[in-house]
Amino acid sequence: MKDERPELDAAGEGAGRDFIRDIVQADLKSGRVKSVVTRFPPEPNGYLHIGHAKSICLNFGLAQEFGGRCHLRFDDTNPAKEEQEYIDAIERDVRWLGFDWGKSLHHASDYFKQLYEWAEDLIRAGKAYVDDQTQDEMRARRGTLTEAGQDSPFRNRSVDENLDLFRRMRAGEFPNGARVLRAKIDMASGNINLRDPVLYRILNAPHPRTGTTWHIYPSYDFAHGQSDAIEGITHSICTLEFEDHRPLYDWFLENLKVPSRPRQYEFARLNLTYTVLSKRVLTELVRGGHVTGWDDPRMPTLAGLRRRGVPAEAIRDFIKRIGVAKANSLVDVGMFEFSVREALNKTALRRMAVLKPLKVVIENYPDGKSEELEAINHPDNPEAGTRKIRFGRELYIEQDDFMENPPKKFFRLSPGNEVRLRYAYFIKCHAVVKNANGDIIELRCTYDPATKGGNAPDGRKVKATMHWLSAADSLRAEMRLYNPLFTKPEPAGGENFTADLNPNSLEVLPDARIEPTLLDAKVEVPVQFERQGYFCRDRDSTSERPVFIRTIGLRDTFAKDVAKDRPKS
RNA sequence: UGGGGGAUAGUUCAACGGUAGAACAUCGGACUCUGACUCCGAGAAUCUUGGUUCGAAUCCAGGUCCCCCAGCCA
């Protein structure tokens, strides 16, 4: 809405070539396909995360670039795990990311009837059978990675018996798990997916879309390729772990009278340092209360990133930068941060905010006096205009901007050192007030009235320009600073995902100060707090207590230098 | 010899038999009323051993290492 520019950045000019695009281009050129049709097929059992963004940008991007179309298809074949909340969230998030499926909204559940008929066809052709074995028995006969499996004792049932049983499964005559329909392929195959895979299982659960119509539901393998074929998908793009499902995908298409012949291609999923992109673990984080919800600003979900203030454009740009390949990879989160800062720097209006206030009294500034100064809203965009800020005798500066005994490269305020208060005056500190604990609680300073606006008539320079706020005319606000959710670049997944959780992923600063102009800031629209970072107002704000979330800090080479020098000195 | 994939700067990708290139990160420097931004510069890679070829990251053969698969999940 707010951004009317064409949403082509993710795939438009300058987009990198990759093996998928090469394939599509070659297929178009050879005439194998007339136009490209892709699909993004999430299962509605959780929220979309930045890993899904890679798939979304790829599938929708391909359609945009080559003039085809991309379907949004819910892979809703397992009602035990799927919920309407997720369906709604997925649609919202794909749209927010900047993509539009138009009329092409589909569900695997739309094809339940057709899939059922195909299953009967397979039975009639002697290529599928009903198996009464328990799950354990099936597992025991499946063999191992290196040993062939054994045929099920039910493998050679007659077509009539299979048809009868399968119809009774459908009619709801049996309890969950009592029987399954299996394809009759090869129990000795080296590819375990071909060892008589399950096509249908009994699941007496209501489905968000089909209600209680069905008592049996198709498996992923039996639904996916055929759904692609029904929709006329030309390139069915999925992640690497489905590579050895491809022979099965093809087997169904070859053994069924499907209306088209899609092809499956696989690419490496995204991994990002210091976070986890596994729906299972993300679900655990939410359920276990380790975060406040799917849209907790620390979450790598699209909903979390949006609340955090990350623009969709930044995500698209990031995805474009990392490319698409088949090698497993772990992308440095620094690359994502670069895209976020780049997008934000262009658009975010500048404001001043003091995160950890330290009181400054300008002793030679008249008590009770205050004046208005003009500040620029965006350094690179004059059209963004200016605003007024108030100066007075009592101010707040950042605690980090003062050191009583500064090291050599510290340019900020210290006793006797002159600095500039942005848009205001040069000041010097000449006394430090401490409490009983020895903590610095106030600075006594003087200002040079001749430097009004920030420049000295005599041409003298200062090395630092600091942000500040008037004590009387600024507002109190809560700041929430986020650190990585995990302490390790490659956190443990699996069962002990909590082992590497960062206990300090959220830092709350309850007594920060902001410019009064920030009171009407919009939620999810970032501003830059100069010298600090990009922040956005959070929906947790109340009228008496605004809450701001730090989207991301500014690059801080000074802090880096300090950290570097510490071990040496 | 269970099956299927993959190996190029620190990281993520290019190079499709003809000069190994980019971005991020790192390190220098310039600029600066944000230690930001911007600009300039530097260092940094073909898993290994053979072979084919005038020429190999690319083709062939062997080896090494990494990832995925034994759900009635997707």
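So you know, we letter chains A, B, ... as the sequences are listed, proteins then strands, and number each from 1.
- Among the heavy atoms of the strands, none lies under 4.0 Å from A:Asp221.
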For A:Phe548 and A:Phe529: C-alpha separation, side-chain torsions, deciding distance, then whether ring-ring contact (aromatic ring centres under 6.0 Å, His included) applies.
CA-CA 11 Å; A:Phe548 281 81; A:Phe529 291 162; 5.6 Å; yes
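- Within the structure, every side-chain polar atom (N or O) of A:Ser219 is placed at least 4.0 Å from both OP1 and OP2 of B:rG71.
- In this structure, A:Asp556 atom CG and B:rU34 atom P are separated by 15 Å, rounded to whole Å.
- In this structure, the side chain of A:Ser189 does not engage the main chain of A:Asp186 through any donor-acceptor pair within 3.5 Å.
- Separation of the P atoms belonging to B:rG43 and B:rG10 is 15 Å when rounded to the nearest angstrom.
- Here A:Arg142 lies in heavy-atom contact (under 4.0 Å) with sugar-phosphate atoms only.
- Nucleic acid contact for A:Pro379: base, since at least one base atom lies under 4.0 Å from a heavy atom of the residue.
- Between the side chain of A:Arg412 and the base of B:rG35, a donor-acceptor pair under 3.5 Å is found.
- Atom name P, nucleotides B:rG21 and B:rU26: the rounded distance is 23 Å, in whole Å.
- Across the protein-nucleic acid pair, A:Arg420 atom CZ and B:rU32 atom P stand 11 Å apart, rounded to whole Å.
- Here B:rU34 presents its P atom at 11 Å from CG of A:Leu554, a figure rounded to the nearest Å.
- The pair A:Asp136-A:Arg141 does not meet the salt-bridge criterion, since no charged nitrogen lies less than 4.0 angstrom from a carboxylate oxygen.
- Atom C1' of B:rA56 sits at a distance of 14 Å from the matching atom of B:rU19, rounded to the whole Å.
- Counting non-hydrogen atoms under 4.0 angstrom, A:Ile376 reaches nothing in the nucleic acid.
- Note that A:Arg420 lies outside the cation-pi zone of A:Phe426, set by a 6.0 Å cut-off to the ring centre and a 45° limit from the axis.
- Here A:Arg179 does not reach the OP1 or OP2 of B:rC72: none of its side-chain N or O atoms lies under 4.0 Å away.
- Residue-level contact check: A:His245 touches the bases, meaning some heavy atom is under 4.0 Å from a base atom.
- A straight line from NZ of A:Lys461 to C1' of B:rC31 spans 12 Å, rounded to a whole angstrom.
- Distance A:Gln135 CD to B:rC72 P: 6 Å, rounded to the nearest Å.
- The shortest distance between the side-chain N/O atoms of A:Thr77 and the OP1/OP2 oxygens of B:rA74 is below 4.0 Å.
- Spacing between atom NE2 of A:His52 and atom C1' of B:rA74 amounts to 10 Å, rounded to whole angstrom units.
- Remark: aromatic rings of A:His224 and A:Tyr220 are close, center separation under 6.0 Å.
- Applying the 5.5 angstrom centroid cut-off and the 30 degree plane-angle cut-off, the aromatic ring of A:Phe558 is stacked upon the base of B:rG35.
- Within the structure, every side-chain polar atom (N or O) of A:Arg201 is placed at least 4.0 Å from both OP1 and OP2 of B:rG71.
- Taking only side-chain nitrogens and oxygens, A:Arg139 comes nearer than 4.0 Å to OP1 or OP2 of B:rG71.
- Contacts of A:Gln528 with the nucleic acid, taken as non-hydrogen atoms under 4.0 Å apart, include base atoms.
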Reading nucleotides 13-26 of chain B from 5' to 3' and marking B where a protein heavy atom lies under 4.0 Å of the base, S where only the sugar-phosphate is that close, and - otherwise, the string is SS-B------SS-S
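- Each of A:Gln532 and A:Pro42 was matched to the nucleotide of RNA chain B holding its nearest heavy atom; the match closer to the 5' end belongs to A:Gln532.
- Here, B:rG4 and B:rA9 have their C1' atoms 30 Å apart, quoted to the whole Å.
- In this structure, NZ of A:Lys408 is placed 19 Å from P of B:rG35, rounded to the nearest angstrom.
- Using a 4.0 Å heavy-atom cutoff across all strands shown, A:Phe242 reaches at least one base atom of the nucleic acid.
- Protein atom CG of A:Asp317 is 18 Å distant from nucleotide atom P of B:rU12, rounded to whole Å.
- A salt bridge is defined here as a Lys NZ or Arg NE, NH1 or NH2 lying under 4.0 Å from an Asp or Glu carboxylate O, and A:Arg73 with A:Glu231 meets this definition.
- Aromatic ring centres of A:Phe166 and A:Tyr129: separated by at least 6.0 Å.
- Salt-bridge check for A:Glu243 with A:Lys326: passed, with a basic side-chain N closer than 4.0 Å to an acidic carboxylate O.
- With a glycosidic angle no more than 90° from 0, B:rG71 adopts the syn conformation.
- Distance noted for atom P between B:rA36 and B:rC27: 12 Å (whole Å).
- As the counterpart of B:rG21, B:rC13 is assigned, both hydrogen-bonding distances of the Watson-Crick or G-U wobble pattern falling under 3.5 Å.
- Separating the C1' atom of B:rA57 from that of B:rU49 is a span of 16 Å, rounded to the nearest Å.
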Write out a two-atom table: protein N or O, nucleotide N or O from nucleotides 1-4 of chain B, distance below 3.5 Å.
from	atom 1	to	atom 2	distance (Å)
B:rG2	N9	A:Leu145	O	2.9
B:rG2	N2	A:Gly190	O	3.2
B:rG2	N3	A:Leu145	O	2.8
B:rG3	O4'	A:Gly190	O	3.4
B:rG3	N2	A:Asp244	OD2	2.8

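- Separation of the C1' atoms belonging to B:rC59 and B:rU53 is 10 Å when rounded to the nearest angstrom.
- In this structure, the ring of A:Phe497 has its center no less than 6.0 angstrom from the ring center of A:Phe486.
- Salt bridge status for A:Asp110 with A:Arg209: present, with a side-chain N to carboxylate O gap under 4.0 Å.
- Using a 4.0 Å heavy-atom cutoff across all strands shown, A:Val331 reaches sugar-phosphate atoms only and no base atom.
- Between A:His49 and A:His52, the ring planes lie tilted relative to each other; the angle falls in the 30° to 60° range.
- Taking the six-membered ring where the residue is Trp, the centroids of A:Trp118 and A:Phe252 are separated by 6.0 Å or more.
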